Amino acid sequence: MALDRAARLAAAAERDGPTCIWCGRELTGPVAPTTEHVVPRVKGGPSWLENEVAACRRCNAARGHTAPVEWLEECTRRGWCPDEARLGRVLAGLAAAIAERGGQRRARPYLDAQLRRLRRRGPAAAGA
Ligand SMILES: [Zn+2]
């Protein structure tokens with residue numbers, strides 16, 4: 001079932017909580033909520049809820065097409081509070097969705113590399 005953008009944002013906030021994955025700010029009032037693709041579309045990431053997270057407009061724009069784990073590390077350097085556990089859960093959930101539905105030949109190796117990089121950061125990050 002295809003959800004429109006507003007419905008996907010609501011679903012992502014319901015799944016993960018109403019905060020930005022990258023800076024932790026609550027997505028209300030002046031902090032404009034957006035959804036973004038964890039695996040960027042230019043890397044073959046599908047427009048599935050499993051590949052989308054809620055982020056504030058600032059973080060979404062600042063990240064651009066940067067890989068998610070690389071961007072997580074950049075957020076930490078900037079003194080923000082990225083939600084590493086959420087990123088691990090979403091990446092693992094996307095891998096499971098791709099395994100179930102098939103396809104996504106471009107996204108798979110990119111996603112696998114991101115999962116490996118996240119695991120190297122420590123057991124708390126692996127979404128287990
Ligand atoms: Zn943010």
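Computed from a prediction, not measured in an experiment: that's the story for all the values here.
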4.5 Å side-chain heavy-atom contact, Leu87 and Val38: yes
Rounding to 0.5 Å, atoms CZ (Arg8) and CG (Asn51) come to a distance of 10.0 Å
Do Ile21 and Pro68 touch side chain to side chain, with heavy atoms closer than 4.5 Å? no
Mind checking what makes side chain to side chain donor-acceptor pair (under 3.5 Å) contact with Thr76, not counting sequence neighbours? none
Treating Ile, Leu, Val, Met, Phe, Trp and Tyr as nodes and any side-chain heavy-atom pair under 4.5 angstrom as an edge, say whether Ile98 and Val53 lie in one connected cluster. yes
Applying side-chain contact (heavy atoms from CB on, under 4.5 Å), can you list everything that pairs with Leu27, at least two apart in sequence or on another chain? Cys20, Val31, Pro33, Ala54, Cys56
Atom NE2 in His37, atom CG in Asn60: separation rounded to 0.5 Å? 10.0 Å
Do Val90 and Leu9 sit in one hydrophobic cluster, given that two such residues count as connected whenever their side-chain heavy atoms are within less than 4.5 Å of each other, even indirectly? no
Summary of salt bridge (Lys or Arg N to Asp or Glu O under 4.0 Å) pairs that have at least one residue in residues 12-38, sequence neighbours excluded: Glu36-Arg63
Ignoring hydrogens, what is the shortest heavy-atom contact between Trp71 and Cys59? Give both atom names and the distance. CZ2-O, 4.0 Å
Taking only residues two or more places apart in sequence, or in another chain, which ones meet Glu73 in a side chain to side chain donor-acceptor pair (under 3.5 Å)? Arg117, Arg121
List the atom pairs, with distances to 0.1 Å, where a side-chain N or O of residues 107-116 and a protein N or O form a donor-acceptor pair under 3.5 Å, not counting sequence neighbours.
| from | atom 1 | to | atom 2 | distance (Å) |
| --- | --- | --- | --- | --- |
| Arg108 | NE | Gly103 | O | 2.9 |
| Arg108 | NH2 | Gly103 | O | 3.4 |
| Gln114 | OE1 | Val69 | N | 2.8 |

Leu94 and Pro46 have their tightest heavy-atom pair at CD1-CG, 4.2 Å
Side-chain donor-acceptor contact under 3.5 Å, Thr19 with Arg86: yes
What residues, two or more places apart in sequence or in another chain, satisfy salt bridge (charged side-chain N to carboxylate O under 4.0 Å, His left out) together with Glu74? Arg77, Arg78
Arg105: partners by salt bridge (charged side-chain N to carboxylate O under 4.0 Å, His left out), with sequence neighbours left out: none
Co-members of Val42 in a cluster of I, L, V, M, F, W and Y side chains, linked at under 4.5 Å: none
State, with a plain yes or no, whether a side-chain heavy atom of Asp83 is found less than 4.5 Å away from one of Trp22. no
What residues, two or more places apart in sequence or in another chain, satisfy side chain to side chain donor-acceptor pair (under 3.5 Å) together with Arg58? none
What pairs with Ala97 under side-chain contact (heavy atoms from CB on, under 4.5 Å), at least two apart in sequence or on another chain? Trp48, Glu50, Arg101
Listed by chain and number, what are the side-chain contact (heavy atoms from CB on, under 4.5 Å) partners of Ala7, not counting sequence neighbours? Leu3, Asp4
Testing the basics here: between Leu118 and Gly88, what is the closest heavy-atom pair and its distance to 0.1 Å? CD2-CA, 3.4 Å
Could you tell me which residues satisfy salt bridge (charged side-chain N to carboxylate O under 4.0 Å, His left out) with Arg41, sequence neighbours excluded, listed by chain and number? none
